[in-house]
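Values reported hereafter were calculated over all heavy atoms of this structure, with side chains retained and with hydrogens, waters and symmetry mates removed.
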Amino acid sequence: MTAGGPQERPSHDGPERFDPDRWRVAAHIEWQKQGTWLVMWGAYTRRYWAFARWPVPEGGAVVSAADPDTLYGEMRDVERRHGFLRWRYGRGRGSGTRR
């Protein structure tokens, strides 16, 4: 019998679950979107997840993708469908009246 320890954990809990590079990518995307989205890397789903943080219809808006480029596309689609630019910049967007 051997003394148990972290080094003897099964491989399904191994380094592939701890992915700091993908977590950093998720944090960078959230930073680029200036906090209007909560962005996370799902260690078990192996996907990026983004949750809208502005007023959207009941039930919210959540998107996921396996890679950052696809996630950006999904986020832009949700922004178009739910009037993100109107919310972010107001009705006078073209008239130079930014909030």
Side-chain angles (χ1 to χ4, degrees):
M1 183 176 244
T2 61
Q7 69 278 8
E8 295 180 23
R9 295 174 84 176
S11 64
H12 66 275
D13 268 347
E16 69 278 0
R17 294 286 183 212
F18 179 70
D19 199 335
D21 291 335
R22 288 193 170 118
W23 289 347
R24 278 192 285 274
V25 167
H28 182 74
I29 294 169
E30 186 172 320
W31 173 80
Q32 284 183 318
K33 290 294 193 171
Q34 301 175 343
T36 58
W37 289 86
L38 169 66
V39 182
M40 302 183 308
W41 168 251
Y44 290 99
T45 61
R46 309 298 294 166
R47 297 179 68 81
Y48 292 95
W49 292 87
F51 301 80
R53 293 175 127 174
W54 75 90
V56 293
E58 187 173 326
V62 179
V63 296
S64 73
D67 63 88
D69 291 335
T70 304
L71 185 72
Y72 274 113
E74 295 291 328
M75 292 165 77
R76 284 189 300 270
D77 183 52
V78 167
E79 290 171 353
R80 280 190 296 270
R81 282 188 285 133
H82 295 293
F84 173 76
L85 291 177
R86 269 191 319 277
W87 171 80
R88 182 78 170 176
Y89 299 108
R91 295 190 189 277
R93 185 169 182 263
S95 64
T97 57
R98 294 180 87 174
R99 284 193 233 183

Candidate pair Q34 and R88, rule side-chain hydrogen bond (donor to acceptor under 3.5 Å, both in side chains), full reasoning: CA-CA 11 Å; Q34 301 175 343; R88 182 78 170 176; 2.2 Å; yes

With sequence neighbours left out, write down each residue that passes side-chain contact (heavy atoms from CB on, under 4.5 Å) with P55, or none if nothing qualifies. W87

Given the rule in the side chain to side chain contact (heavy atoms under 4.5 Å, CB included) test, do R46 and W41 qualify, once you have shown the distances and angles that lead to the verdict? CA-CA 7 Å; R46 309 298 294 166; W41 168 251; 3.8 Å; yes

For side chain to side chain contact (heavy atoms under 4.5 Å, CB included), just list the numbers for V39 and L71, CA-CA rounded to whole Å, side-chain angles, deciding distance to a tenth of an Å, and then say yes or no. CA-CA 10 Å; V39 182; L71 185 72; 4.0 Å; yes

When rounded to the nearest 0.5 angstrom, what distance separates OG in S64 from CE in M40? 10.5 Å

With sequence neighbours excluded, what pairs up with H28 under the side chain to side chain donor-acceptor pair (under 3.5 Å) test? Q32

Could you tell me which residues satisfy salt bridge (charged side-chain N to carboxylate O under 4.0 Å, His left out) with R22, sequence neighbours excluded, listed by chain and number? D19

Separation between CZ of F51 and CH2 of W37, rounded to the nearest 0.5 Å: 10.0 Å

Other than W31, what residues sit in its cluster of Ile, Leu, Val, Met, Phe, Trp and Tyr side chains whose heavy atoms are under 4.5 Å apart, directly or through others? none

Look at the side-chain heavy atoms of Ile, Leu, Val, Met, Phe, Trp and Tyr, link any pair under 4.5 Å apart, and say whether V63 and W54 land in one connected group. yes

Taken to the nearest 0.5 Å, the spacing of T36 OG1 from R53 CZ works out to 8.5 Å

By salt bridge (charged side-chain N to carboxylate O under 4.0 Å, His left out), which residues pair with D69, not counting sequence neighbours? none

Could you grab the distance from atom CH2 of W49 to atom CZ of R47, nearest 0.5 Å is fine? 6.5 Å

Can you list everything that forms a salt bridge (charged side-chain N to carboxylate O under 4.0 Å, His left out) with D67? Sequence neighbours excluded, please. none

If you look at every heavy atom in P68 and Y48, which pair is closest and at what distance? CD-CE1, 3.6 Å

Please collect all salt bridge (charged side-chain N to carboxylate O under 4.0 Å, His left out) contacts where either partner lies in residues 70-79, sequence neighbours excluded, each pair once. K33-E79, D77-R81

What do the steps show when you test M75 against R80 for side chain to side chain contact (heavy atoms under 4.5 Å, CB included), and what is the final call? CA-CA 9 Å; M75 292 165 77; R80 280 190 296 270; over 6 Å; no

